[in-house]
Amino acid sequence: MLLPSLREEVLHANQEIARLGLAIHTFGNVSGISRGGVDGSGKEPIVAIKPSGVAYATMTAADLVLTTLDGTIVEGTLNPSSDLDTHLLLYREFPQIGGVVHTHSEFATSWAQACKPIPCFGTTHADYFHGPVPVTEPLTAAEVAEAYVLNTGVVIARLFREQNLDPISVPGVLVAGHAPFAWGKTPAAAVEHADLLEYIARLAYRTVMLEGPAAGLATWVGEHHYQRKHGPKATYGQKSGAK
C-alpha cells in the first residue's frame with residue numbers, strides 16, 4: 001500500500017469531521033497531498049482522498065484513493081470523492097497547502113446559501129481569519145454544464161486572485177449556494193480550520209440576530225489580534241527552545 005502515513009493522516013482527518021459534527025451521513029470529504037510524490041522526488045505529487053459515499057465509521061486507510069494532480073488514479077479500488085476535481089485544482093493553485101476539507105456544516109453552509117461573506121464581528125474571528133470569510137460568485141450555467149466540480153475550484157481560485165487573498169491567512173471560503181471549503185498546511189490543520197469556520201459562522205449568525213454593529217470589529221483591533229497570533233512578532237503560544 002502506497003503512502004501509508006499519508007493515508008492514516010487523511011483517514012483520521014475524515015473521521016474528525018464526522019466526530020466534530022461537521023459532516024452528516026456520508027457528506028463531506030478530506031484530502032491530503034504528498035508534494036514529494038510516492039518516492040519523495042516531487043516529480044508527481046500524490047493526493048489521498050476519501051472515497052465517494054463510504055461511511056466514516058467503517059472507512060479504513062486502504063479505502064482511500066490515491067490520484068495524481070490530473071486525477072489519474074494511482075491506487076484504490078473505490079471511486080474517489082465526487083469533489084475530487086475541486087480538491088485537485090486547489091492543490092494546483094495554492095501550493096502552500098497540504099490538506100483540503102469540504103463540509104456542509106450547518107452555519108457556514110447557511111452563510112454560503114445566503115451568498116454572504118461572514119464579516120469579522122469579533123476577536124474570535126480575527127484570531128483565525130485575516131478579514132471576512134469570503135464568498136464566491138455563483139457559478140454560471142455554462143460553468144455548471146461544462147465542469148461543475150472543476151469550476152467550483154476555479155471560482156474559488158479566481159476570487160482569491162481577484163481579491164489578492166493569501167490562502168494561508170484566509171484558510172477557507174464559502175461557495176455561493178453550496179457550502180464551505182477549508183484548507184491548511186496539513187489535513188489536520190485543514191480540519192481545525194473547518195471547525196473554526198463553523199464556530200465563527202455560528203457566532204456571526206447570532207451577532208446578526210442580536211443586531212450587533214453592522215460595521216463589525218474595529219479594523220485596528222482585528223489586525224492586532226491576527227498579527228499577535230500569526231505575524232512576524234507573534235506573542236501567542238510557546239516558542240521553541242523557550243525555558
Side-chain angles (χ1 to χ4, degrees), residues 9 13 16-17 20 22 30 32-33 35 90-103 105 107-108 110-112 116-137 153 155-176 179-243:
E9 191 177 359
E16 276 292 280
I17 64 170
L20 291 166
L22 301 175
V30 184
I33 188 170
R35 296 279 182 187
L90 292 175
Y91 286 125
R92 294 195 298 268
E93 291 288 329
F94 302 157
Q96 313 96 310
I97 67 174
V100 174
V101 176
H102 175 47
T103 75
S105 59
F107 283 85
S110 297
W111 284 89
K116 292 184 176 181
I118 303 175
C120 182
F121 285 121
T123 61
T124 305
H125 180 134
D127 276 342
Y128 295 100
F129 278 78
H130 198 196
V133 178
V135 62
T136 69
E137 292 293 325
V155 297
I156 295 171
R158 185 166 65 221
L159 169 71
F160 274 67
R161 189 165 51 250
E162 290 176 351
Q163 296 190 12
N164 196 30
L165 299 175
D166 173 16
I168 296 301
S169 59
V170 182
V173 69
L174 307 174
V175 178
F181 279 82
W183 46 78
K185 293 183 179 180
T186 65
V191 171
E192 180 180 0
H193 293 147
D195 193 29
L196 290 164
L197 174 53
E198 175 62 11
Y199 185 62
I200 288 166
R202 185 161 64 248
L203 290 177
Y205 174 81
R206 289 172 175 164
T207 301
V208 171
M209 291 298 98
L210 289 167
E211 299 183 351
L217 184 67
T219 304
W220 54 92
V221 179
E223 186 67 17
H224 175 80
H225 267 262
Y226 183 83
Q227 293 300 334
R228 78 169 188 163
K229 193 159 190 173
H230 304 283
K233 297 181 180 180
T235 59
Y236 184 86
Q238 303 300 313
K239 305 299 181 186
S240 59
K243 297 182 180 179

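Quick caveat, the model's predicted, so the values are computed rather than measured.
When all heavy atoms of Pro134 and Val173 are compared, the closest pair comes out as O-CG2, 3.5 Å. For the pair Ala194 and Val101, the tightest heavy-atom approach, listed with the atom from each and the gap, is CB-CG1, 3.9 Å. In terms of heavy-atom proximity, Tyr91 sits nearest to Val100 at OH-N, 3.2 Å. A pairwise comparison of heavy atoms in Gly99 and Ala190 identifies O-CB, 3.5 Å as the closest pair. Summarising the geometry of Ala201 relative to Ile118, their closest heavy-atom pair is CB-CD1, 3.7 Å, with the distance given to 0.1 Å. Here the closest non-hydrogen pair linking Ala189 and Gly184 is CB-CA, 4.2 Å.
Although no hydrogens or angles enter the test, the distance criterion places no donor-acceptor pair under 3.5 Å between the side chain of His125 and the main chain of Ile200. Looking only at distances, no side-chain donor or acceptor of Thr186 sits under 3.5 Å from a matching main-chain atom of Gly98. At distances below 3.5 Å, not a single donor-acceptor pair connects side-chain atoms of His224 with backbone N or O atoms of Trp220.
No side-chain heavy atom of Asp127 sits under 4.5 Å from any side-chain heavy atom of Leu196. Residues Tyr199 and Asp195 form no side-chain contact, since every pair of their non-hydrogen atoms from C-beta on lies 4.5 Å or further apart. Contact annotation: the side chain of Trp111 never approaches that of Pro180 to less than 4.5 Å [non-hydrogen atoms, C-beta and beyond]. Using a 4.5 Å heavy-atom threshold, the side chains of Arg35 and Ile97 count as touching. The shortest side-chain heavy-atom distance between Tyr128 and Leu197 does not fall under the 4.5 Å cut-off. Within the 4.5 Å cutoff, the side chain of Leu22 has heavy atoms near those of the Glu198 side chain.
Rounding to the nearest 0.5 angstrom, the gap separating the OG1 atom in Thr124 from the CZ atom in Phe129 is 13.0 Å. A distance of 9.0 Å separates OG1 of Thr103 from CZ of Phe181, quoted to the nearest 0.5 Å. We find the NZ-CD distance between Lys185 and Glu192 to be 12.5 Å, quoted to the nearest 0.5 Å. Rounded to the nearest 0.5 angstrom, Phe121 CZ and Arg206 CZ are separated by 14.0 Å. Rounding to the nearest 0.5 Å places CD1 of Ile33 at 10.0 Å from CZ of Arg92.
For Gln96, the CD atom sits in a packed shell: over 12 heavy atoms of surrounding residues, nucleotides or ligands are nearer than 6.0 Å.
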Please tabulate, for the side chains in residues 163-170, all donor-acceptor contacts under 3.5 angstrom to protein atoms that are two or more places apart in sequence or on a different chain.
residue, atom, partner, partner atom, Å
Asp166, OD1, Ile168, N, 3.1
Ser169, OG, Asp166, O, 3.3

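Under the 30°/60° scheme for interplanar angles, the aromatic rings of Trp183 and Phe94 are found to be tilted.
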